[in-house]
2 protein chains.
Amino acid sequence: MSEVVTPRPPLGCAAVMLGLFRAALQERHLPVTHQREAVAQVLFESGGHLSADDVAERLRGGNGHVGKATIYRTLGLLVEVGLAAEHDFDEGFKRYETRIGPAHNDHLVCTSCGEVVEFHRDELDSLQEQVARDRGFHVLTRQLKLYGLCALCDSESGDALRPAI
Amino acid sequence: MSEVVTPRPPLGCAAVMLGLFRAALQERHLPVTHQREAVAQVLFESGGHLSADDVAERLRGGNGHVGKATIYRTLGLLVEVGLAAEHDFDEGFKRYETRIGPAHNDHLVCTSCGEVVEFHRDELDSLQEQVARDRGFHVLTRQLKLYGLCALCDSESGDALRPAI
DNA sequence: ATCGCTGCAAACGGTTTGCAGGACA
DNA sequence: TGTCCTGCAAACCGTTTGCAGCGAT
């Protein structure tokens, strides 16, 4: 059985990712600006699934101000160079996460508290291949979302009458 | 191996679904209006994944005019009573499909021509249960999307040099 | 010095909402 | 007859874009 890929990037990872971002920019002859570094750093240090507003809010608290347009532009840039992934959890807006190595496509989403947990099962990969072969489909990427209640919200909602004996 | 659930509802199905919709409205003491019937009929007869605009367009051609607000309200109503399902294929808008029996959650989406095909594999259900059990998650619904190229678009994009011998 | 970025604000597009008038039960 | 719907248009909200000025290389 496979295990969580990266619930949280290891310590020091943010710095490494920032370096990769700078390199990617230089490789494309794009300026390495303070704003781009600030946005990338916030995302890399969070280790979670941030919305553009989340990024804006975290920037307001300390690291200086960055316009929302620039935040969107930088997040798009991060996705483009492969250092971030975009997710849509049906909340009416997109979320972004640091992307390390292969894509993280499979998520558990708590519809009560909004928690998002990644998971991976090798069976899914082979299942995907089988379906693609059967249908003559050339699969490029996948998104699997299991919506429901996390253990905490589930116990809060239903177990009020059933204290753990 | 499991097979497609409903690539297209059987003939006469639209009429049955319309009856179910009328019954659901009456049960809730909600008026059965021409507009609601028109929107529901368009969706039921299409058998596909329609956007609100698609519905509006098909209504313009023949069945009389229905305001966009009413279309959105009726589609929401259909979802609420369980006769339609809402899908988001990352196109910037939602699509709706007739829902018969258990939910259709697993789709192949062609990013070139937009074709959407449903599929179902029993293995996915058991896999979902396993993940939920492992994580203490109470899964309520799931969405699996395999994005890529359908057989036709795939052959058009890459096989220009390899004619079928 | 040059090119491209940044910030602001306005535009955009799908969806929702407020309200006056009309239709179902 | 009363309640709820309908249509229009405006509001909404996340995201994108145009443009004048600034900053990185």
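Note on naming: letters A, B, ... go to the chains in the order of the sequence lines (proteins, then strands), and numbering restarts at 1 for each one.
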R121(A) and D134(B): CA distance, side-chain angles, deciding distance, salt bridge (charged side-chain N to carboxylate O under 4.0 Å, His left out) verdict: CA-CA 12 Å; R121(A) 316 275 301 207; D134(B) 289 355; 2.8 Å; yes

Can N105(B) and H120(B) be counted as having a side-chain donor-acceptor contact under 3.5 angstrom?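 Per modelled atom types, N105(B) and H120(B) side chains form no pair under 3.5 Å.
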
Quick one: side chain to side chain donor-acceptor pair (under 3.5 Å) partners of [X], sequence neighbours excluded?
X      : value
Q35(B) : none
K94(A) : none
R95(B) : D54(B), E91(B)
E57(A) : none

Please state how far atom [atom1] in [X] lies from atom [atom2] in [N], giving the value in whole angstrom units.
X      : N       : atom1 : atom2 : answer
E37(B) : dC5(D)  : CD    : P     : 15 Å
I71(A) : dG14(D) : CD1   : P     : 13 Å
H29(A) : dA24(D) : NE2   : C1'   : 14 Å
L75(B) : dT15(C) : CG    : P     : 10 Å
L77(A) : dT6(C)  : CG    : C1'   : 14 Å
E57(A) : dG14(D) : CD    : C1'   : 16 Å

Closer than 3.5 angstrom, by distance alone: can the side chain of R36(A) be matched with the main-chain N or O of P31(A) as a donor-acceptor pair?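 Yes: the side chain of R36(A) pairs with the backbone of P31(A).
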
Could you measure the distance from the CG atom of L30(A) to the CG atom of L77(A)? Nearest 0.5 Å is fine.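 Reported to 0.5 Å precision, the distance equals 6.5 Å.
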
Considering only residues two or more places apart or on different chains, which pairs with a residue in residues 68-82 of chain A satisfy side chain to side chain donor-acceptor pair (under 3.5 Å)?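 Qualifying pairs, neighbours excluded: D53(A)-K68(A).
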
Selection residues 106-117 of chain B - residue pairs positive for side chain to side chain donor-acceptor pair (under 3.5 Å), sequence neighbours left out: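 Found H49(B)-H107(B), D106(B)-R142(B).
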
What does the B/S/- profile of nucleotides 18-25 of chain C look like, 5' to 3', with a 4.0 Å heavy-atom cutoff to protein? B-----SS

List, by chain and number, the other hydrophobic cluster members for V116(B), where Ile, Leu, Val, Met, Phe, Trp and Tyr join if side-chain heavy atoms come within less than 4.5 Å, directly or indirectly.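 Taking Ile, Leu, Val, Met, Phe, Trp and Tyr as members, V116(B) shares its hydrophobic cluster with F89(B), V109(B), Y147(B).
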
Side-chain donor/acceptor pairs under 3.5 Å, residues 20-29 of chain A, sequence neighbours excluded:
{"residue": "R22(A)", "atom": "NE", "partner": "E37(A)", "partner atom": "OE2", "Å": "2.3"}
{"residue": "R22(A)", "atom": "NH2", "partner": "E37(A)", "partner atom": "OE2", "Å": "3.1"}
{"residue": "R28(A)", "atom": "NE", "partner": "A24(A)", "partner atom": "O", "Å": "3.3"}

Short heteroatom pairs, N/O only, protein and nucleotides 10-12 of chain D, under 3.5 Å:
none

Closer than 4.0 Å, any side-chain N/O of Y72(B) to the OP1 or OP2 of dT15(C)?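 Answer is yes, contact under 4.0 Å.
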
Rounding to 10 degrees, work out the angle separating the end axes of the helix from dA1(C)-dT25(D) to dA25(C)-dT1(D) (five pairs an end).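 Terminal axis comparison yields 30°.
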
Could you identify which residues of residues 78-94 of chain B place a heavy atom less than 4.0 Å from some atom of DNA chain C, listed by residue number, or say none?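 Per residue number, the list reads G92(B), F93(B), K94(B).
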
